[in-house]
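As structure tokens, the structure follows; a few thoughts come after it.
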Amino acid sequence: MPARGEGDLRHSTAHPPDAVPDGYLPAHHGGPYARELGPFWSRAEEAQVALGIRLQHRHCNSAGAAHGGFVATLADLGLIHAVAVMRERQGKPRHFLTTVSLTVDYLAPAPEGCWLEVRCEVSASAAT
């Protein structure tokens, strides 16, 4: 897999439901599925790319926390987004990207209204 997720999912409920942390811009990668789940926000640094979202009711399970499937989706989208951002930096054209394998370990519940993000570091990129 060309990208490695660092498993860094963070949450904080100290912000209003529509607040976005400083330094984040709207994420423009992803297809119709990602657009329906978003809006997602991106922050690209030199070695890593973060993809985040303010967790809404529609992303939650019956316990009021992020649905596990949504957390896995965020991890998947974060990996693809990071590779796309790095490809753009290298002047490479847009390309369909696919996750081949993804394993998620759930550490703690993320409550509705929190900021949830995944940070990814692209360690290698294929020639295409």
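Hydrogens, waters and symmetry mates play no part in the numbers below; they use all other heavy atoms, side chains included. Along the sequence shown, residues carry numbers from 1.
Taken to the nearest 0.5 Å, the CG atom of Asp76 stands 13.0 Å off from the NE2 atom of His81. From His28, atom NE2 reaches atom OG of Ser42 across 9.0 Å, with rounding to the nearest 0.5 Å. For the atom pair OG1 (Thr99) and CD1 (Ile80), the distance works out to 3.5 Å, reported to the nearest 0.5 Å. Rounding to the nearest 0.5 Å places CG of Leu37 at 9.5 Å from CG of Leu74.
Counting heavy atoms from C-beta outward, Lys92 and Met86 have side chains that stay 4.5 Å or more apart. The shortest distance between side-chain heavy atoms of Tyr24 and Phe40 does not fall below 4.5 Å. Side-chain contact between Val85 and Arg87 is absent, with no heavy atoms from C-beta onward closer than 4.5 Å. The closest side-chain heavy-atom distance from Leu51 to Glu117 is not below 4.5 Å. In this structure, the side chains of Leu77 and Leu79 stay at 4.5 Å or more apart for every pair of heavy atoms. A 4.5 Å side-chain heavy-atom check between Leu55 and Cys60 finds at least one atom pair inside the cut-off.
Heavy-atom minimum distance, Tyr106 versus Ala72: OH-CB, 3.9 Å. Residues Pro39 and Gln56 come closest through the heavy atom pair CD-NE2, 4.1 Å. Of all non-hydrogen atoms in Gly78 and Val118, the two that sit nearest each other are CA-CG1, 3.8 Å. Closest non-hydrogen pair, Arg54 versus Gly113, comes out as CD-O, 2.9 Å.
Taking a cutoff of 4.0 Å between a charged side-chain nitrogen and a carboxylate oxygen, Arg119 and Glu121 do not qualify as a salt bridge.
Hydrophobic clustering (ILVMFWY, side-chain heavy atoms < 4.5 Å, transitive): Trp115 and Leu25 are in distinct clusters.
Within 6.0 Å of CD in Glu36 there are 12 or fewer heavy atoms belonging to other residues, nucleotides or ligands.
Between His59 and Phe70, the angle of the ring planes stays under 30°, which puts this pair in the parallel group of the 30/60° scheme.
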